[in-house]
Q: 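Take a look at this one; I'll ask things after.
Below, read A as the first sequence line, B as the second, and so on, with proteins coming before strands; counting in each chain starts at 1. All heavy atoms count here, side chains included; hydrogens, waters and symmetry mates do not.
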There are 2 protein chains.
Amino acid sequence: MPRDEISAAVQRELTVFARRVRGLPSRLQQQLPFVAYSMLSSIEGQEGCRSVDLAALYRLDKSTVSRQVGDLERRGLVARAPDPARGRGQVLRVTDAGRALLDGAARLQRAELARRVVDWSDEELAAFASALQRYNAAEPD
Amino acid sequence: MPRDEISAAVQRELTVFARRVRGLPSRLQQQLPFVAYSMLSSIEGQEGCRSVDLAALYRLDKSTVSRQVGDLERRGLVARAPDPARGRGQVLRVTDAGRALLDGAARLQRAELARRVVDWSDEELAAFASALQRYNAAEPD
DNA sequence: CAGACGGGGTTGTAAACTACAACGTAGCAG
DNA sequence: CTGCTACGTTGTAGTTTACAACCCCGTCTG
């Protein structure tokens, strides 16, 4: 199979995946919309990050992140504090309530994924993970 | 590495990818928003499909597809005709103008992908394609 | 040290995308 | 013929996003 066809297949499958995900505002988790959940999860993953870091990770406008973080704070799921190291900006931290909610959601999400890849070997799954990681790590533009 | 951690990595990378894609309404192609483009591309990929097929592919509500196909038709990029085989519904076809636009966009998209995976071997890329395909093929719920 | 600079964040505004619900239409089966 | 069902459209509302304009406050420069 020529590389062009392989590329086309990658393109096609990535598109299907992307389009499918677009439409789940809250289908994944009733308590928290997908977007808020993923944001919260990232804050937990890199404790002490700032809004601008999240914007960079997801390539979002800072205004978008601002609103989402504000929403999470209003729900009592994250807390903001001035950044002692860099002076400017605020560091984000997941509260206990946030962590609790995250644990519950993570369990559901893990179950869903596990069901999808139930017949994959550990090696296959690991290869998939590293390929995705490599793909995401590539710089755009 | 235990399977749980592998799964978590897959989850994390899929989320990053999904969130990044969400925000490109038209960044990919000035002439046509991403969503319209992918819809048009799918119609070309399975000539003779109906709106309901696209809804199934992307797990979208039929109303959403209806509006998007309507938009494409208004732009003169697709044409609708009654379905001779199944009686009900309309088959979709990409017009010449649609195909021309698609060719231009595909070239850009291919270039972008090629740049991202420039240092991947054919085998690695093929493995990525089939893993994505396998993942997408799994039934939800 | 005063003023410019710029990074981080917020708010106003408008657009795209989507779902759900209600409805219309037309094959198809009894 | 009558009901049923698949396919599609329209009304409506919610979420997510970008862009632009703005504010705040460290940091740098003269």
Q: Distance check: side-chain N/O of A:Ser66 vs OP1/OP2 of C:dT10, anything under 4.0 Å?
A: yes
Q: Let me know the distance between CD of B:Gln90 and C1' of C:dA26, rounded to the nearest Å.
A: 11 Å
Q: Can you find a side chain N or O atom of B:Thr64 that sits less than 4.0 Å from OP1 or OP2 on C:dT18?
A: no
Q: Considering only heavy atoms from C-beta outward, does the side chain of A:Leu32 approach that of A:Arg75 to under 4.5 Å?
A: yes
Q: Check every atom of D:dT17, C:dG9, C:dC20 against the side chain of A:Arg80 and return the nucleotide holding the closest atom.
A: C:dG9
Q: Please tell me which of the listed nucleotides, C:dT10, D:dC7, D:dT17, lies nearest to the side chain of B:Arg50?
A: D:dC7
Q: Under 4.0 Å between a side-chain N or O of B:Arg19 and OP1 or OP2 of D:dT17?
A: yes
Q: To the nearest angstrom, how far is A:Lys62 atom NZ from D:dA21 atom C1'?
A: 10 Å
Q: How are the rings of B:Trp120 and A:Tyr135 set to each other: parallel, tilted or perpendicular (split at 30° and 60°)?
A: perpendicular
Q: Any heavy-atom pair between the side chains of B:Asp83 and B:Gln90 that's under 4.5 Å?
A: no
Q: Does a side-chain N or O of B:Gln68 approach OP1 or OP2 of C:dT18 to a distance below 4.0 Å, or not?
A: yes
Q: Nearest-Å distance, CZ (B:Arg86) to P (C:dA26)?
A: 19 Å
Q: Within this structure, what is the CZ-to-C1' distance between A:Phe34 and D:dT15, rounded to whole angstrom?
A: 13 Å
Q: Counting the atoms with a prime plus P, OP1 and OP2 as sugar-phosphate, which does A:Ser63 contact under 4.0 Å by heavy atoms, base, sugar-phosphate, or nothing?
A: base
Q: I need the CG-C1' distance between B:Asp61 and D:dT15, as an integer number of Å.
A: 15 Å
Q: Whole-Å distance between C:dG8 C1' and A:Leu57 CG?
A: 17 Å
Q: Are side-chain heavy atoms of A:Leu102 and A:Leu77 found at a separation under 4.5 Å?
A: no
Q: Give the rounded distance in Å between these two atoms: CZ of B:Arg88 and C1' of C:dA29.
A: 10 Å
Q: Do B:Arg20's NZ or CZ and the ring of A:Tyr58 fall within the cation-pi criteria of under 6.0 Å and 45°?
A: no
Q: Rounding to an integer number of Å, can you tell me how far B:Leu54 CG sits from D:dG8 C1'?
A: 13 Å
